[in-house]
Every structure is written in C-alpha cells, then in structure tokens.
Amino acid sequence: MGKLTSGLYNRLVIAIPYTWLLLFFLAPFFIVFRISLSTTAIAMPPYEPVFSLADGWAGLWSKIGELSFDNYSYLTEDSLYFNAYVSSVVIAGISTFLTLLIAYPIAYGMAQAPRTIRPTLVMLVILPFWTSFLIRVYSWIAILKPEGLFNQLLLSLHIIDSPLIILNTNTAVYIGIVYSYLPFMVLPLYSTLEKMDGTLIEAAQDLGCTPIKAFWRVTFPLSIPGVVAGCMLVFIPAVGEFVIPDLLGGSQTLMIGKTLWNEFNANRDWPVSSAVATILLMILVIPIVFFQNAQAKAEERGK
C-alpha cells in the first residue's frame with residue numbers, strides 16, 4: 001500500500017508541471033501558430049482560419065495541403081522585422097551584461113553579510129516587487145526627463161551646464177531594464193554564493209593566491225550556475241519587452257515587442273503578428289535548450 005501511494009504521489013508530482021505546461025504554454029502556442037497560418041480579413045477577429053478544430057481530424061487532414069507559410073516568408077521580405085529582432089537581442093544582451101555587473105557585487109555582499117541580517121537584505125531586494133511595475137517605469141520618466149530629478153541634481157552640483165537628453169533614447173531603455181530586472185539577477189547569484197564553502201577561499205589564500213586571484217579562480221567559477229540562471233531570467237523577458245521601450249525609448253528605439261504591438265493593434269494584421277511572435281518564441285527557446293544541455297552535462301560531470 002505504501003509503494004502504491006508513493007507511486008501515485010510521484011506521478012502526481014510529475015503530472016502537475018506537465019499539465020501546467022500544456023495549458024499555459026503549448027495550447028496558447030498552438031493557437032498563435034494556427035493564426036500565423038491564416039490570412040488577413042476584414043472581420044472580427046481579423047483573420048480567416050485555415051483550419052478549425054471543429055472540423056475534426058478528417059477536416060484537419062484534408063486541409064494540410066492548403067497550409068501556407070506566406071506570413072513567414074513575408075517577414076524575410078521586410079527588413080523591419082529582421083532589424084527589430086537584431087535590435088531586441090542586442091539591447092537585451094547589453095542590458096543583461098550591465099545587470100550582471102551591478103548585481104554580482106550586491107549578491108556577493110549579501111552572501112558575506114552576517115546570517116542574522118541576510119533575510120532582511122533579501123527582503124530589500126524583492127521590495128520593489130511590492131509596487132506596480134508600470135508605476136516604477138513611469139517614475140523613471142520623472143527622473144530622466146530634461147527637467148527631472150537627475151538633471152536638476154547635476155545642475156545644482158555644477159557638473160553640467162545644460163540638461164542631458166536621456167529620456168527617449170536607448171540609454172533610458174537600458175536603465176529601465178537594468179532597474180526592473182535587477183532582482184532576477186541578484187537572487188540566483190545570492191542563492192549560489194550563499195552555499196559556497198568559505199574554507200575554499202581560505203585554502204586558496206594559504207596557497208599564495210591574492211584575494212582578487214582567489215575570487216577569479218574559486219568564487220567566480222563556483223558561481224557560474226547562478227550567473228547563467230540570472231542571465232537567462234533577465235535576457236529572455238528583456239528580448240520581448242514592450243512597456244520599457246515604449247515609455248522610456250524614443251521613436252528610434254526598435255524592439256520586437258513594439259513591432260508586435262503595432263502589428264496587432266495599429267495594423268490589425270493578426271496573422272503576421274502571430275508569425276512574428278512564433279519566430280520570437282523560437283529565438284528564446286534556443287538559449288533555454290543550450291542552458292538545459294549545459295546543466296545536464298555539468299550534472300553528469302559532477303557524478
């Protein structure tokens with residue numbers, strides 16, 4: 001009886017995440033992919049589906065030959081989409097790197113702090129999540145605009161003679177992404193650094209390593225899993241970010257999130273928009289697959 005209960009429990013534990021994946025990832029992806037194979041129409045919704053689940057398997061099989069990938073080929077004809085993809089990846093990559101540079105010292109300091117105050121430090125890191133994301137992004141408009149707090153501070157300190165133009169530039173987008181996603185980088189790093197054995201650093205220093213050399217030879221290699229996890233948590237949502245580039249970026253800021261929103265709402269071209277979203281998902285799946293393969297290889301080497 002105990003073995004039966006244990007077996008049912010193990011199956012339930014496995015079934016829950018797979019059910020969640022099916023309902024909230026695979027099913028929406030299938031819907032978007034189906035729309036991407038449709039044609040635009042003046043209707044509500046504004047597309048003509050190529051096939052419908054109501055037709056059953058027989059109707060679906062009969063229409064497989066009619067499936068068209070014209071919307072995907074259209075993306076290769078207009079340089080706007082390619083430039084948007086490239087720009088999104090570049091902005092997300094630079095933002096992720098800047099976030100890592102800022103988050104690592106914070107996480108390292110938290111891991112080296114006395115254990116009694118570490119929970120308080122973790123709470124301070126997640127404290128911004130208690131405020132609406134939209135409000136936090138809007139607050140940066142008041143800070144970065146020409147007559148905002150940042151320029152007023154620099155002017156009062158006589159560091160600059162005229163206000164800096166930061167708002168509506170890529171610099172403002174970098175600031176917004178780094179600020180918004182900083183906790184996603186700090187927490188995985190802190191989790192990894194906190195578990196590190198401090199005697200390894202002492203042993204390295206006893207063998208003649210300077211503190212800096214010991215950091216690069218011991219601490220940083222051991223924290224790589226946290227670095228990779230944090231970079232993934234920042235890079236993936238940053239690629240498809242819409243709110244930050246729309247509010248803080250200018251008209252020259254080209255990201256796929258803004259392009260996707262324009263296609264859906266302004267142009268009302270749902271099939272092309274769905275094709276853009278499908279390609280974006282494929283771009284994001286690639287680093288996830290590499291990350292999982294790297295983790296699996298690391299676990300095998302550990303064994």
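Counting begins at 1 with the first residue of the sequence.
The side-chain heavy atoms of Ile166 and Ile143, taken from C-beta on, include no pair separated by under 4.5 Å. The shortest distance between side-chain heavy atoms of Leu155 and Ile160 falls below 4.5 Å. Proximity of Thr76 to Phe82: side-chain heavy atoms (C-beta onward) are nowhere separated by under 4.5 Å. Side-chain contact between Pro271 and Leu37: absent, with no pair of heavy atoms (C-beta onward) separated by less than 4.5 Å. Taking 4.5 Å as the limit, every side-chain heavy atom of Ile224 sits out of range of all side-chain heavy atoms of Thr192. Considering only heavy atoms from C-beta on, Cys231 comes within 4.5 Å of Met185 through its side chain. Proximity of Leu233 to Tyr181: side-chain heavy atoms (C-beta onward) are nowhere separated by under 4.5 Å. The shortest side-chain heavy-atom distance between Ile177 and Thr96 does not fall under the 4.5 Å cut-off.
Once rounded to the nearest 0.5 Å, the distance linking CG of Asp246 with CG of Asn262 reads 8.5 Å. Going from atom CD1 of Ile94 over to atom OG1 of Thr99 covers 11.5 Å, rounded to the nearest 0.5 Å. Rounding to the nearest 0.5 Å places CD1 of Ile159 at 4.5 Å from CG of Leu157. A distance of 9.0 Å separates CD1 of Ile35 from OG1 of Thr278, quoted to the nearest 0.5 Å. Here CG of Asp269 is found 5.5 Å from CD of Glu263. Values are rounded to the nearest 0.5 Å. Summarising the geometry, atom CE belonging to Met196 is positioned 13.0 Å from atom OG belonging to Ser191; distances are rounded to the nearest 0.5 Å.
When the shell of 6.0 Å around CD of Glu77 is examined, it contains more than 12 heavy atoms from other residues, nucleotides or ligands. Within 6.0 Å of atom CZ in Phe97, 12 or fewer heavy atoms from other residues, nucleotides or ligands are found, so the atom counts as exposed in its surroundings. At most 12 non-hydrogen atoms from other residues, nucleotides or ligands lie less than 6.0 angstrom from OH of Tyr138. The environment of CZ in Arg217 is sparse: at most 12 heavy-atom neighbours from other residues, nucleotides or ligands sit within 6.0 Å. Residue Phe264 places its CZ atom among more than 12 non-hydrogen atoms of other residues, nucleotides or ligands, all under 6.0 Å distant. The local environment of CG in Asp161 is sparse, with at most 12 non-hydrogen atoms from other residues, nucleotides or ligands closer than 6.0 Å.
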Legend entry - side-chain contact (heavy atoms from CB on, under 4.5 Å) between Thr39 and Asp70, intermediate numbers included: CA-CA 9 Å; Thr39 56; Asp70 291 342; over 6 Å; no
Legend entry - Intermediate values then yes/no, side-chain contact (heavy atoms from CB on, under 4.5 Å), Leu200 and Leu222: CA-CA 10 Å; Leu200 297 175; Leu222 291 176; 3.6 Å; yes
Inset, instruction - Check step by step if side-chain contact (heavy atoms from CB on, under 4.5 Å) holds for Val243 and Leu248. - result: CA-CA 8 Å; Val243 175; Leu248 301 181; over 6 Å; no
Inset, instruction - Give the intermediate values and the outcome of side-chain contact (heavy atoms from CB on, under 4.5 Å) for residues Val234 and Ser95. - result: CA-CA 8 Å; Val234 173; Ser95 301; 5.6 Å; no
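In the hydrophobic clustering of ILVMFWY residues, with side-chain heavy atoms under 4.5 Å counting as a link, Phe129 and Ile244 come out together. Ile201 and Met110 fall into different hydrophobic clusters, where Ile, Leu, Val, Met, Phe, Trp and Tyr side chains are chained together by heavy-atom contacts under 4.5 Å. Hydrophobic cluster membership differs between Ile175 and Leu254, with clusters built from Ile, Leu, Val, Met, Phe, Trp and Tyr side chains linked at under 4.5 angstrom. Cluster membership for Val32 and Leu281, using ILVMFWY side-chain heavy atoms within less than 4.5 angstrom, is not shared. Linking Ile, Leu, Val, Met, Phe, Trp and Tyr residues whenever their side-chain heavy atoms come within less than 4.5 Å leaves Leu80 and Met255 in two separate clusters.
Summarising the geometry of Val125 relative to Pro183, their closest heavy-atom pair is O-CG, 3.6 Å, with the distance given to 0.1 Å. When all heavy atoms are compared, the tightest approach of Ala84 to Thr259 is CB-OG1, 3.6 Å. Across all non-hydrogen atoms, the minimal contact from Leu193 to Ala107 is CD1-C, 3.9 Å. Closest approach of Phe133 and Glu241 over heavy atoms only: CZ-OE2, 4.1 Å. The two residues Glu194 and Ala111 have their closest heavy-atom pair at N-CB, 3.9 Å. Considering every non-hydrogen atom in both Asn168 and Leu247, the closest pair reads OD1-O, 4.3 Å.
Side-chain N/O atoms of Asn71 and Ser36 include no donor and acceptor closer than 3.5 Å.
The aromatic rings of Phe215 and Tyr108 sit perpendicular to each other, their planes meeting at more than 60°, with 30° as the lower class boundary.
Checked options Tyr72, Tyr74, Tyr81; the residue passing with Val276 is Tyr81 (criterion: side-chain contact (heavy atoms from CB on, under 4.5 Å)). Each of Thr253, Ile256, Ile91, Asn170 was scored for a side-chain contact (heavy atoms from CB on, under 4.5 Å) with Pro245, with one residue passing: Thr253.
The aromatic ring centroids of Tyr190 and Tyr104 lie 6.0 Å or more from each other.
Without hydrogens or angle criteria, Thr210 side chain to Lys213 main chain gives a donor-acceptor distance under 3.5 Å.
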